[in-house]
Amino acid sequence: MKVLAVETATSWQSVAILDESRVLACHDQEAAGSHAKLLLPTIDRLFSETGLTLKQLDGLVVSIGPGSFTGLRVGLATLLGFRTISQLPLAVVPTLEGLAWNLRGTSTLLCPILNSRRGELYWALFRWTSDDRLERVMSEQVGTAAMLGSSLTGTVLVFGEGWTVEASAIRASNPPSATVVEAPDPAMKPSAVSIGLAGMERLRRGESAGIGISPLYVQRTAAELKYEESGGLSPVALRQKRVARKGSAPVAAARIPSGHMRAARGQSKGGTRDGA
């Protein structure tokens, strides 16, 4: 099975053409904010290197998220266009699951971590079984480094760009029961090769994306974020607090002694008692 695989969920762009487990061509590069400009030329370059055309492939694979909203949209839109032209089946692979394929066959519990917006992280937990299947232990999560660190137990292999940025904060929040081990450097970045291998498994099972497929955005709702920013006050409590603040000013003015109020009015009319 020959597939074109695309990974644009982060600032690191990865594109590969695979024939089963054999990598025919691959190109990785930093592409922060430039996926729309770089992706199609990179794909064209790989087709030139391999001598293949779109119609000679058996399928398409793309990373579906979570990750950069813009990057995900560029990758998915591009391969949806290729699907329309070629009628090839398209497999979509969750980005964190694709990262777990970087460490295929590892027996330790895996925790891939990506950066999110608002200083938060995405993570999930996976484990490779004895029969070489990837088992999802915890679905995609989003939250702070402290939330991630406190959720870990046992021995966990951590990796991904989120780990490289927030390693200290994650370690500081680990409970005594957790032993965090950093994965080798080659596993840290998302890879189109891993996405392609995971996608081929899906295509063999007959799992292809439907017409209305969209990126996997794992984000806390705006209501949750506002609740956290408010210090845990409900919208009703916040509204009552605002009303109370507005009402406190007239009450304070009403408590000023009448003599002081008359003096203030006299000054506003053009002078003080001594004619200054």
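One-based numbering along the sequence shown.
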Margin query: If you apply the rule side chain to side chain donor-acceptor pair (under 3.5 Å), what do you find for Glu135 with Thr129, and how did you get there?
Written below: CA-CA 7 Å; Glu135 177 183 71; Thr129 64; over 6 Å; no
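- Between Asp19 atom CG and Met200 atom CE the span is 8.0 Å, to the nearest 0.5 Å.
- A side-chain hydrogen bond (donor to acceptor under 3.5 Å, both in side chains) check over residues 80-94, counting only residues at least two apart or in different chains, returns nothing.
- Partners of Trp12 according to the ring-ring contact (aromatic ring centres under 6.0 Å, His included) rule, which considers only residues two or more places apart in sequence or in another chain, do not exist here.
- Leu88 CG to Gln56 CD: the interatomic distance, rounded to the nearest 0.5 Å, is 11.0 Å.
- For Glu20 (side chain) and Met1 (main-chain N/O), a donor-acceptor pair under 3.5 Å exists by modelled atom type.
- Residues satisfying the side-chain contact (heavy atoms from CB on, under 4.5 Å) criterion with Thr108, sequence neighbours excluded, are Thr106, Thr155, Leu157.
- Annotation: salt bridge (Lys or Arg N to Asp or Glu O under 4.0 Å) contacts involving residues 44-55, sequence neighbours excluded, comprise Arg45-Glu49.
- The list of side-chain hydrogen bond (donor to acceptor under 3.5 Å, both in side chains) pairs with a residue in residues 70-81, not counting sequence neighbours, reads Arg73-Tyr217.
- In the hydrophobic cluster analysis, where Ile, Leu, Val, Met, Phe, Trp and Tyr join through side-chain heavy atoms closer than 4.5 angstrom, Phe47 is grouped together with Val3.
- When atom types are taken as modelled, the side chain of Thr8 and the backbone of Gly71 share a donor-acceptor pair closer than 3.5 angstrom.
- Considering all non-hydrogen atoms of both residues, Ser14 and Cys26 come closest at OG-SG, 4.5 Å.
- Listed by first and then second residue, the salt bridge (Lys or Arg N to Asp or Glu O under 4.0 Å) pairs involving residues 180-191 amount to none (not counting sequence neighbours).
- Proximity of a side-chain donor or acceptor of Thr144 to a complementary backbone N or O of Met147 within less than 3.5 Å is detected.
- Ile213 and Ile195 fall within a single hydrophobic cluster, where Ile, Leu, Val, Met, Phe, Trp and Tyr side chains are chained together by heavy-atom contacts under 4.5 Å.
- Leu216 approaches Pro94 most closely through the heavy-atom pair CD2-CB, 4.4 Å.
- Ala209 and Val92 make their closest contact through CB-CG1, 4.0 Å (heavy atoms, listed as atom of the first residue, atom of the second, distance).
- In this structure, Arg127 has no salt bridge (Lys or Arg N to Asp or Glu O under 4.0 Å) partners at least two apart in sequence or on a different chain.
- Note on Leu24: it clusters hydrophobically with Leu197, by side-chain heavy-atom contacts below 4.5 Å among ILVMFWY residues.
- Applying the salt bridge (Lys or Arg N to Asp or Glu O under 4.0 Å) criterion to Asp131, with sequence neighbours excluded, gives Arg133.
- Partners of Ser11 under the side-chain hydrogen bond (donor to acceptor under 3.5 Å, both in side chains) rule, at least two apart in sequence or in another chain, are Glu30.
- Considering Leu54, Val6, Leu80 as possible partners of Leu60, the one that fulfils the side chain to side chain contact (heavy atoms under 4.5 Å, CB included) test is Leu54.
- Heavy atoms only, all atoms of each residue included: Ala25 and Leu46 are closest at CB-CD2, 3.9 Å.
- Listed by chain and number, the residues in a ring-ring contact (aromatic ring centres under 6.0 Å, His included) with Trp163 amount to none (sequence neighbours excluded).
- Here the side chain of Thr95 pairs a donor or acceptor atom with the backbone of Gly65 at under 3.5 angstrom.
- Annotation: salt bridge (Lys or Arg N to Asp or Glu O under 4.0 Å) contacts involving residues 92-106, sequence neighbours excluded, comprise Glu97-Arg136, Glu97-Arg202, Arg104-Asp132.
- Side-chain N or O atoms of Gln141 include one that pairs as donor or acceptor with a backbone N or O of Ser139 at under 3.5 Å.
- Contact record, Ala183 with Phe159: CB-CB, 3.6 Å, taken as the closest heavy-atom pair.
- For Ser194 (side chain) and Pro190 (main-chain N/O), no donor-acceptor pair under 3.5 Å exists by modelled atom type.
- Nearest heavy atoms, Ser177 versus Thr153: OG-CG2, 3.8 Å.
- For the ring pair (Phe, Tyr, Trp, His ring centres under 6.0 Å) condition, the pairs that include at least one residue of residues 118-154, sequence neighbours left out, are Trp101-Trp128.
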